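Report on one structure; see the data block that follows.
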Amino acid sequence: QQQVKQSPQSLIVQKGGISIINCAYENTAFDYFPWYQQFPGKGPALLIAIRPDVSEKKEGRFTISFNKSAKQFSLHIMDSQPGDSATYFCAASIRAGSYQLTFGKGTKLSVIP
Amino acid sequence: NAGVTQTPKFQVLKTGQSMTLQCAQDMNHEYMSWYRQDPGMGLRLIHYSVGAGITDQGEVPNGYNVSRSTTEDFPLRLLSAAPSQTSVYFCASSYLPPGLGQPQHFGDGTRLSIL
């Protein structure tokens, strides 16, 4: 049973455009939602994270939007650059009582000049 | 600034062989974990450890064994390799468990092929 569903599987965006990746979760106990960025041949690295007590978090060109009632969250990359081309994973975890991080299946983003 | 070091980077095995994937971190992190990454499947947790001497199973533990004798090292053992275990394996560590907001520090992976 997949607990975090991520879409789209792949995304092509022109340089300067907005990239949007969506995730939906089922377990209402989840209360920590990070996004990881992975370049080819490398391990994932934390990009940005949010807790459900806020609806939006922004760090530079990267923004997480969170909709608790819909059990959905999304990553927006503004002014997308070729250097943003990577695979992005959403994830979810529970603050207390769990030591596990559940990942979505990933979105391969290609930003073309 | 080594971070999380995984060895080997590449390995080819024959079905039935056993091997150990090494993971070492130099950040004094208590929490360590192993994931496998398969195309279109994301990262799936195999085993994790919350400190020396303490390990537990993740989502896909069958066919794998772990132990944690020191804070620094968390090896993953394949007992009898099967083609279904062909994958990229990532080790990760953090000071506290991921639900407490700690970023997971990943190694660069071991690419394993089972023939």
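By convention in this document, chain letters (A, B, ...) are assigned in the order of the sequence lines, proteins followed by strands, and residues within each chain are numbered from 1. Since this is a predicted model, take the numbers as computed values, not measurements.
- Surrounding CG of B:L96 are more than 12 heavy atoms belonging to other residues, nucleotides or ligands, all under 6.0 Å away.
- Using a 4.5 Å cut-off between heavy atoms, B:Q6 does not touch chain A at all.
- Most heavy-atom pairs under 4.5 Å with chain A, from the set B:G109, B:C91, B:G58, B:G40: that is B:G40.
- Interface remark: B:R111 contributes side-chain atoms only to the contact with chain A (heavy atom separation under 4.5 Å).
- Checking A:N22 against A:S7 by side-chain atom types alone, no donor-acceptor pair falls below 3.5 Å.
- Remark: the B:T55 side chain and the B:S49 side chain contain no N/O donor-acceptor pair separated by less than 3.5 Å.
- Comment: A:K57 engages A:E59 in a salt bridge, judged by a side-chain N to carboxylate O separation of less than 4.0 angstrom.
- Neither the backbone nor the side chain of A:F30 comes within contact range of chain B; no heavy atoms are under 4.5 Å apart.
- Aromatic pair A:W35/A:F62: centroids not less than 6.0 angstrom apart.
- Contacts with chain A were tallied for B:R44, B:Q37, B:K9; B:Q37 has the most, counting heavy-atom pairs under 4.5 Å.
- The part of B:L45 that comes within reach of chain A is its side chain, from C-beta onward, which places non-hydrogen atoms under 4.5 angstrom from that chain.
- When heavy atoms are compared at a cutoff of 4.5 Å, A:P44 approaches chain B by way of both its backbone and its side chain.
- Using a 4.0 Å cut-off between a side-chain N of Lys or Arg and a carboxylate O of Asp or Glu, A:K15 and A:D79 do not qualify as a salt bridge.
- Heavy-atom pairs under 4.5 Å with chain B were tallied for A:G43, A:S93, A:A49; the largest tally goes to A:G43.
- Comparing B:G107, B:P103, B:G99 by how many heavy-atom pairs each has under 4.5 Å with chain A, the most go to B:G99.
- Counting heavy-atom pairs under 4.5 Å between each of B:V50, B:D38, B:D56 and chain A puts B:V50 at the top.
- B:Q104 and B:S94 are linked by a side-chain donor-acceptor pair at a separation below 3.5 angstrom, with hydrogens and angles left out of the test.
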